[in-house]
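Report on the structure given below.
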Amino acid sequence: MASRGRKRKAETALDAAAEKQETAASGRKGTEEASVVIEHCTSRVYGRNAAALSQALRLEAPELPVRVNPTKPRRGSFEVMLLRPDGSSAELWTGIKKGPPRKLKFPEPQEVVEELKKYLS
């Protein structure tokens with residue numbers, strides 16, 4: 001005879017999964033203004049480049065919020081995206097398929113700023 005504990009655990013796991021999906025969907029859908037998202041691997045090298053890039057973006061477009069790693073980043077990733085208020089997104093830079101050498105994964109801040117200007121005008 002099966003114990004009752006398993007059934008309750010399964011039900012709570014399903015409830016938790018449904019709640020997690022709701023919060024993830026509401027987080028993406030709830031953007032009322034455009035924002036720039038930088039996703040980078042948590043390595044120190046990636047972090048330094050992301051900090052320099054976010055500073056350049058904040059200086060160029062102070063009205064746009066810049067978010068760094070709003071979700072868990074993918075391994076070896078370095079991407080910059082513009083999230084629009086209508087829910088669409090535009091990729092400003094991706095370094096996922098670039099390299100070796102590793103320095104090719106990181107953009108010059110001016111390159112990304114120029115791309116951002118194209119999408120904002």
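- In this structure, the side chain of D86 engages the main chain of S88 through a donor-acceptor pair within 3.5 Å.
- At least one side-chain heavy atom of P65 sits under 4.5 Å from a side-chain heavy atom of S35.
- Considering every non-hydrogen atom in both A34 and L82, the closest pair reads CB-CD1, 4.4 Å.
- Contact annotation: the side chain of F78 never approaches that of P73 to less than 4.5 Å [non-hydrogen atoms, C-beta and beyond].
- For the atom pair NZ (K72) and SG (C41), the distance works out to 10.5 Å, reported to the nearest 0.5 Å.
- For the atom pair CD of E115 and NZ of K118, the computed distance is 4.0 Å after rounding to the nearest 0.5 Å.
- Atom CG of L64 is separated from atom CD of E33 by 7.5 Å, given to the nearest 0.5 angstrom.
- Note: the hydrophobic cluster containing L120 does not contain M81 (ILVMFWY, side chain heavy atoms under 4.5 Å, direct or indirect links).
- The closest side-chain heavy-atom distance from R74 to E39 is below 4.5 Å.
- A 6.0 Å sphere centred on CD of E91 holds more than 12 heavy atoms belonging to other residues, nucleotides or ligands.
- In this structure, I38 and R67 have side chains that are not in contact, with every pair of non-hydrogen atoms separated by 4.5 Å or more.
- Atom-to-atom distance recorded for L53:CG and Q110:CD is 10.5 Å, nearest 0.5 angstrom.
- Side-chain contact between L116 and V36 is present, with heavy atoms from C-beta onward closer than 4.5 Å.
- Contact of the F106 side chain with the W93 side chain is not registered, since no non-hydrogen atoms from C-beta on lie closer than 4.5 Å.
- The structure places OH of Y119 at 13.5 Å from CD of E114, a figure rounded to the nearest 0.5 Å.
- For the pair P70/V37, a side-chain contact is recorded, criterion being any heavy-atom separation below 4.5 Å from C-beta on.
- Remark: S77 OG to H40 NE2 distance equals 8.5 Å, nearest 0.5 Å.
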